Amino acid sequence: MVDISNTPGALAPSPAAAPKRVALKRVLGPAHVWGLGVGIVLVGEFMGWNFAVGKGGAIAALTACWLAGILYTCVAMIDSEVTSTVAAAGGQYAQAKHIIGPLAAFNVGLYLVMAYTMLEVSNAIVTGDLIQAFAANMGLEGEVDKRAYMVLTIVFLSWLNYRGVLATLTINYIITAIAFAAIIALFVAVNPLTPGTVVMHDQLLTGLPYGGLGILAAMHFGLWFYLGIEGTTQAAEEVRSPARSLPLGTLTGIMTLLIAATITWYIGAGLMPWEYLGQAITPLYDAARLTGSKPLEVFLFVGTLFATLASANGCINDASRAWFAMGRDRYMPVWFGGVHPTYRTPFRSIVFFVPIAILFAISTPLDQTITLSILSGLLGYTIMAIGVIIFRRKWPLDSIARGYIHPLHPLPAILLLTLCAITYVAVFLGYGTQLLAMMVFYIVASAWFVLHRYKYCRRGEQFTMPWPKPRGY
């Protein structure tokens, strides 16, 4: 097995003795990018979003859904421009490395790894709960241990990622499409053209039980409808045509999610009282059961299961690429920068997170893992908004070629910063302890990087973009 480690101070090997560097394989197209981005996020339509209903009621959850949609539209547009230009593994980590500097890049890398690992853990938890609930509905209550399925999900999907990215993301594309079809089927089944026959919004919508503060509180879990769409950038080095595929896959992905999020809210809020909906683990599966159709219930079981698997699968892909990129650049031990000589995957980074994910899955409540993922994502979006302003200032539009140019700059960046600030307040209202603990963790990690790890980084080797000298330098 080949890695890219070098011992500081060692003599350079002769050209004849130098090992051939094994690179990631460029095999992905726009559909795979769409499947990666939507596959990670679509599970948010099947679980997690409904906690926003518990925070402020159904109307507050819908408002949070659309505000979060604006936030993530800004993320998708900014990401499409920068990533189509900085097409390197690690996504936002690589962007921060080229545009801002080492400390920002290190922190962004940690944000990404934490966000995706906690999202993977959330998916494993829901997979176990779903299988246990389905078994109970089939008359097998007490016969299924959900923890076994949590562990099995993490181990199987890690093995799949270990074996190769093309097969992994092709499967993701297929099962994501099936999960999306399940949402559409449920939407059709509730007769949206004749409200009042199945869905009962007139009776179930109760306004704002906690007033305007409920809308602010709901923003916390409103992000769950879209969290992870930025993951399309993590496979940038494995895409055949980054300038075309990354913007196309990312922007069609956010459009898909905006439609799915609104449909999901319509179904859930029209079938269940907000008090129940706000604490359900599998709301769309519960909605299918309320329709009384057994085939639809089975289809939504399959759709929910596929959505959780697709999301966990994409999260393993993204977390490992970010960790791999940090190892390759010496921000983490170079051992993690190894590429499998046969499968051409960052196999060490994939394996490293398996026991960590299992430990969190069997020991941490779902709302806690979701909150940890959301907080890490928010921190990354804040750096992203600052980074695109610096990017445009250092390299104006006429200085380097871009695969996509996001419109109305700097309005999307300003809007993104504003919505991130609002969501920080929302998270603090309900999970202030976790927010402060996360901030302390990242501050300590930053101090470790500056005092210990930075000396190993070779800054000159990290800049792989053929760009002119930044303006003003």
Side-chain angles (χ1 to χ4, degrees), residues 23-24 26 28-30 33 37 71-109 111-112 229-254 321-322 325-326 328-331 380-418 420 457-473:
L24 301 176
R26 290 191 178 274
L28 306 178
V33 175
L71 185 155
Y72 278 94
T73 299
C74 294
V75 167
M77 292 194 302
I78 291 170
D79 229 8
S80 293
E81 174 174 331
V82 183
T83 307
S84 65
T85 313
V86 189
Q92 292 78 21
Y93 156 77
Q95 298 170 19
K97 179 183 68 177
H98 284 83
I99 296 168
I100 304 177
L103 183 57
F106 172 78
N107 276 282
V108 169
Y111 302 156
L112 290 169
I229 184 62
E230 71 280 2
T232 54
T233 65
Q234 299 302 315
E237 278 188 34
E238 295 155 285
V239 173
R240 290 190 296 269
S241 176
R244 172 179 175 269
S245 298
L246 292 172
L248 182 58
T250 303
L251 294 173
T252 54
I254 191 62
R321 266 62 181 179
M326 294 174 75
R328 184 173 60 180
D329 292 334
R330 299 173 180 270
Y331 285 49
Y381 307 147
T382 303
I383 300 295
M384 182 190 298
I386 296 170
V388 76
I389 294 173
I390 297 173
F391 181 55
R392 283 285 189 100
R393 185 176 301 160
K394 285 184 174 180
W395 292 280
L397 294 181
D398 58 352
S399 62
I400 56 175
R402 289 162 163 84
Y404 169 81
I405 298 172
H406 79 275
L408 303 176
H409 179 80
L411 181 59
I414 294 170
L415 193 55
L416 178 55
L417 282 173
T418 302
C420 283
C457 300
R458 297 178 177 177
R459 292 279 289 150
E461 296 179 3
Q462 297 172 22
F463 295 95
T464 56
M465 299 297 112
W467 295 347
K469 184 178 290 189
R471 177 172 290 184
Y473 287 76

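Predicted model, so just to flag it, every value in this text is computed and none were measured.
Although no hydrogens or angles enter the test, the distance criterion places a donor-acceptor pair under 3.5 Å between the side chain of T252 and the main chain of G249. A side-chain donor-acceptor contact under 3.5 Å links S84 to the backbone of E81.
The minimum heavy-atom distance linking C74 with L415 is given by the pair SG-CD2, 3.9 Å. The minimum heavy-atom distance between I400 and P468, with the atom names listed, is CG2-CD, 3.4 Å. Of all non-hydrogen atoms in C420 and Y381, the two that sit nearest each other are SG-CB, 3.7 Å. Scanning all heavy atoms of the two residues, the minimum distance from L248 to P30 falls at CD2-CB, 3.8 Å. In terms of heavy-atom proximity, M77 sits nearest to Y404 at O-CE2, 3.5 Å. In terms of heavy-atom proximity, V239 sits nearest to S245 at CG1-CB, 3.3 Å.
Only one option out of L411, V388, V75 pairs with L416 in a side chain to side chain contact (heavy atoms under 4.5 Å, CB included); it is V75. None of H406, H98, Q95, M384 except one satisfies the side chain to side chain contact (heavy atoms under 4.5 Å, CB included) rule with V82; the exception is Q95.
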Inset, instruction - Could you please spell out the steps behind the side-chain contact (heavy atoms from CB on, under 4.5 Å) verdict for V108 and M326? - result: CA-CA 10 Å; V108 169; M326 294 174 75; over 6 Å; no

Inset, instruction - Report the C-alpha distance between Q92 and I383 in whole Å, list the side-chain angles of each, state the deciding distance to 0.1 Å, and finish with yes or no for side-chain contact (heavy atoms from CB on, under 4.5 Å). - result: CA-CA 9 Å; Q92 292 78 21; I383 300 295; over 6 Å; no

Inset, instruction - Please report the C-alpha distance between E230 and Y72 in whole Å, then the side-chain angles of each, then the deciding distance to 0.1 Å, and finally whether the side-chain contact (heavy atoms from CB on, under 4.5 Å) criterion is met. - result: CA-CA 9 Å; E230 71 280 2; Y72 278 94; 4.0 Å; yes

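Using a 4.5 Å cut-off on side-chain heavy atoms (C-beta onward), I390 and I100 make contact.
Looking at residues two or more places apart in sequence or on another chain, you find a side-chain hydrogen bond (donor to acceptor under 3.5 Å, both in side chains) between T382 and Y424.
The number of heavy-atom neighbours closer than 6.0 Å to CZ of R402, taken from other residues, nucleotides and ligands shown, is above 12.
Interatomic distance, D79 CG to L246 CG, rounded to the nearest 0.5 Å: 9.0 Å. The structure places CG of L28 at 11.5 Å from OG1 of T232, a figure rounded to the nearest 0.5 Å.
Using the six-membered ring where Trp is involved, F391 and W467 have ring planes that are tilted, between 30° and 60° apart.
Taking the six-membered ring for Trp, Y93 and Y111 have ring centres at least 6.0 Å apart.
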